[in-house]
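Read through the structure below, which is laid out as structure tokens, and then see the notes.
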Amino acid sequence: MVLIPVALSASLSAGCLFTTRSTGNQLRETSANHEERLSTLEANLSEERNQLQRDLAKANAQILELDGLTKEATERVRRNSADLGLEVEQLREQLAILEGQIAEVRNQSESSAREFSRSRIELEKRVDVVARKAGIDFSVPDSEIPADRQSHFTASENAYQNQDYSKCRALFRAYAERYPQDERTDDAHYFIGQSYLDEGRPASALGAFRSVITDHPRGDRADDALLAMGTAFFTLHACTDARTALQALLSGYPRSPLRTQARAKLREVQRSTPNYCTS
């Protein structure tokens, strides 16, 4: 066992007592600070809680207001949709009426067009008959002109032989336009002139005969055209021009089989009375 001196023991006892008091004071001070801070935190928390409640109440009010606006907008859209649907339905009904009217007008128009077409065709036939009798020429529709060259020329010849002179001239003119370099183009011009001559229209014939001579001087119809020109001029009492044409045949085509006819016509011209010839 260890013995401690009385003085040292007293000293230690006094030191322990001092230390315990100081620590207590510190603890009390710390506890007071904590209580103050806790009170402050509680006050702040209460303020924040109150602010949160105020914000929540405001948000609920806004939600209610927004919900009311939403309901109002939905009702307005519903009403507008109903009105729009009614308007669309009315427009559809009007459109159906208009479509019916258009269909009726179209049917009437088509019927009128068919009737007009029939009348036009009938009128064209009548005009064509009258025009042919009057010696007026009309063009032939492309649908009536053969696409084949030989068939085209044959159809033209047939029209001439059938004395359908207007159609004959129309076909021969079309032939000359389509085949200007063909060896029978001079024949086309010649028959145009001859058809006029056959109809007793010598003045109209001269242009076609002149085309044969000027455009196809080396063709096999040049001497025919000169003989026909002499006849046409003489019919028109143009004796000088008739003699010129006949003499051109005799001097320019010594081998022509038409020389005998040309001489006979030339003697006829020369024997004509002075009152007959106007030039």
Side-chain angles (χ1 to χ4, degrees), residues 57-182 184-185 188-189 191-192 195-196 199 201 204 207-208 211:
K58 184 177 180 181
N60 289 330
Q62 290 177 346
I63 290 173
L64 291 175
E65 181 180 1
L66 181 60
D67 185 59
L69 292 175
T70 301
K71 290 181 179 179
E72 182 180 355
T74 301
E75 180 63 22
R76 185 176 302 173
V77 169
R78 187 187 63 78
R79 290 196 303 268
N80 291 340
S81 297
D83 295 340
L84 182 59
L86 178 61
E87 184 176 355
V88 169
E89 187 62 28
Q90 291 175 348
L91 289 175
R92 286 177 178 174
E93 292 177 357
Q94 295 176 3
L95 181 60
I97 294 173
L98 288 175
E99 287 178 345
Q101 293 176 347
I102 291 173
E104 183 178 356
V105 171
R106 183 181 294 113
N107 291 333
Q108 293 176 352
S109 177
E110 291 176 352
S111 177
S112 299
R114 288 193 296 269
E115 183 63 28
F116 174 76
S117 179
R118 286 193 295 267
S119 300
R120 181 180 59 82
I121 293 173
E122 183 63 26
L123 181 60
E124 286 178 351
K125 290 180 179 179
R126 294 179 182 178
V127 170
D128 188 53
V129 171
V130 174
R132 290 182 181 182
K133 291 182 179 179
I136 300 174
D137 290 341
F138 282 88
S139 61
V140 177
D142 290 342
S143 59
E144 297 183 16
I145 299 177
D148 176 71
R149 183 181 305 195
Q150 180 58 47
S151 299
H152 187 166
F153 194 85
T154 301
S156 305
E157 284 184 317
N158 291 338
Y160 176 77
Q161 292 171 1
N162 294 330
Q163 297 182 356
D164 191 353
Y165 294 128
S166 178
K167 183 177 181 180
C168 151
R169 287 189 287 268
L171 289 171
F172 274 127
R173 288 193 184 99
Y175 188 91
E177 291 175 358
R178 290 187 178 186
Y179 315 108
Q181 304 301 323
D182 188 77
R184 291 178 296 185
T185 301
H189 288 295
F191 281 113
I192 291 173
S195 67
Y196 280 125
E199 285 184 326
R201 302 168 61 186
S204 299
S211 295

Where do [X] and [Y] come nearest, in terms of heavy atoms and distance?
X      : Y      : value
Asp148 : Tyr179 : C-OH, 4.3 Å
Ile192 : Ala208 : CG2-CB, 3.9 Å
Tyr165 : Ser195 : CD2-CB, 3.6 Å

Show me the pairs that pass side-chain hydrogen bond (donor to acceptor under 3.5 Å, both in side chains) and involve residues 92-105, at least two apart or across chains.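 Sorted pair list comes back empty.
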Indicate yes or no for a side-chain donor-acceptor contact from His152 to the backbone of Leu171 under 3.5 Å, with no hydrogens or angles considered.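 Pair found, side chain donor or acceptor close to backbone of Leu171.
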Are any non-hydrogen side-chain atoms of Glu199 and Arg169 less than 4.5 angstrom apart?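 In contact.
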Rounded at 0.5 Å granularity, tell me how far CZ in Arg184 sits from CZ in Arg149. 7.5 Å
Atom NZ in Lys167, atom OG in Ser156: separation rounded to 0.5 Å?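 These two atoms lie 9.0 Å from each other.
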Would you call the rings of Phe153 and Tyr175 parallel, tilted or perpendicular, taking 30° and 60° as the class edges? perpendicular
Might you confirm whether atom CD of Gln150 has over 12 heavy atoms from other residues, nucleotides or ligands at distances under 6.0 Å? yes
